[in-house]
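Let me begin by presenting the structure, written as structure tokens, before commenting on it.
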Amino acid sequence: DARVTQTPRHKVTEMGQEVTMRCQPILGHNTVFWYRQTMMQGLELLAYFRNRAPLDDSGMPKDRFSAEMPDATLATLKIQPSEPRDSAVYFCASERAVSGFNQPQHFGDGTRLSIL
Amino acid sequence: SQQGEEDPQALSIQEGENATMNCSYKTSINNLQWYRQNSGRGLVHLILIRSNEREKHSGRLRVTLDTSKKSSSLLITASRAADTASYFCATDRADYKLSFGAGTTVTVRA
């Protein structure tokens, strides 16, 4: 079965450090989403890309978060500098978008991030 | 912001019983999706129902959609221990984005 792969699965680091999370979407999927999940806020959309172009990153704190898609097989989410409030599980999801209709999103197993 | 709201927040049932959870939303939709999340894992897509559909089945899952009431329900029949998970509804927003609810946590007791 094709899967979305996220690395690392777990990351513990100190406040102020740079964190980079990586995602390999399913081959052939043209849309990639980054979500953050916390107990308090639930699942929040941070940013998403269509055909590698960023379409919306309004859910992301711009001063410290950045998302890129250097090629069709890799999406990255970077936090610099990290803060304790960034502790959460970050999910990547991919979708083969069809014009006019939502399609199922396929999620990776997430990166569990702890900022000390 | 969350458009879909699941009810109840938590549900505990005996193996073999049915589990029903509901989702209400505020604005009109093109489709509604249900996802499952097992502990420590990502969300898994279960069913997508379009606004012109009223009911959809997939194995032991049955989803209904009532656009007049802006609500949907997910029924799991003959539950198993493996159905223990959180279940989320997601409604579509503009530009193909989804808005997820807070989820219903289902515990199936052996």
Side-chain angles (χ1 to χ4, degrees), chain A residues 1-7 9-10 21 23-26 29-51 53-60 88-112, chain B residues 1-7 9-10 21 23-25 27-53 56 58-59 61 63 65 67 72 74 85-105:
Chain A
D1 271 347
R3 297 181 61 183
V4 173
T5 303
Q6 289 187 247
T7 56
R9 288 295 317 277
H10 303 272
M21 291 168 272
C23 167
Q24 180 176 2
I26 292 174
H29 283 193
N30 60 354
T31 307
V32 174
F33 303 85
W34 282 106
Y35 292 93
R36 176 170 62 186
Q37 187 177 41
T38 61
M39 289 294 291
M40 293 298 293
Q41 300 296 327
L43 201 62
E44 303 173 279
L45 178 66
L46 297 176
Y48 81 106
F49 295 77
R50 170 84 32 80
N51 299 319
L55 287 192
D56 188 345
D57 61 1
S58 59
M60 238 168 37
V89 183
Y90 290 81
F91 288 103
C92 172
S94 71
E95 172 187 318
R96 188 177 69 85
V98 174
S99 179
F101 297 99
N102 282 97
Q103 299 296 318
Q105 293 185 14
H106 298 255
F107 282 73
D109 281 334
T111 293
R112 184 172 295 273
Chain B
S1 61
Q2 294 170 350
Q3 147 128 281
E5 294 294 336
E6 290 91 345
D7 171 60
Q9 288 187 330
M21 59 212 85
C23 170
S24 59
Y25 56 92
T27 59
S28 62
I29 59 171
N30 294 313
N31 66 67
L32 184 145
Q33 302 183 39
W34 284 92
Y35 287 79
R36 182 189 74 231
Q37 184 178 29
N38 292 94
S39 181
R41 305 296 298 273
L43 279 71
V44 173
H45 179 263
L46 297 175
I47 287 185
L48 182 153
I49 186 165
R50 302 204 185 280
S51 59
N52 61 354
E53 297 175 309
K56 209 159 181 181
S58 176
L61 306 180
V63 168
L65 179 64
T67 53
S72 174
L74 171 66
S86 293
Y87 293 82
F88 296 87
C89 69
T91 51
D92 65 323
R93 292 161 42 181
D95 296 331
Y96 305 102
K97 295 187 286 191
L98 291 180
S99 179
F100 287 86
T104 293
T105 300

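Numbered from 1 within each chain, the chains take letters A, B, ... in sequence-line order.
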### Task
Using non-hydrogen atoms and a 4.5 Å limit, figure out which bit of A:E44 sits close to chain B: side chain, backbone, both or neither.
neither
For atom [atom1] of [X], decide whether the heavy atoms of other residues, nucleotides or ligands shown that lie under 6.0 angstrom number more than 12.
X	atom1	answer
B:Q9	CD	no
A:R96	CZ	no
A:R3	CZ	no

### Top contributor to chain B contacts, counting heavy-atom pairs under 4.5 Å, from A:A93, A:P104, A:G108, A:C92
A:P104
### Query
Can you name the closest pair of heavy atoms from B:Q37 and A:F91 and give their distance?
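The answer is NE2-CZ, 3.4 Å.
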### Query
Can you tell me how far the CZ atom of A:F33 sits from the NZ atom of B:K97, to the nearest 0.5 Å?
9.5 Å
## Note on the structure
Taken to the nearest 0.5 Å, the spacing of A:Q105 CD from B:Q33 CD works out to 6.5 Å
### Query
B:F100 versus A:Q37: any side-chain heavy-atom pair under 4.5 Å?
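B:F100 vs A:Q37: side chains apart.
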### Query
Mind checking whether A:Y48 and B:L98 have side chains closer than 4.5 Å, heavy atoms only?
no
### Structural part of B:L48 lying under 4.5 Å from a heavy atom of chain A
side chain
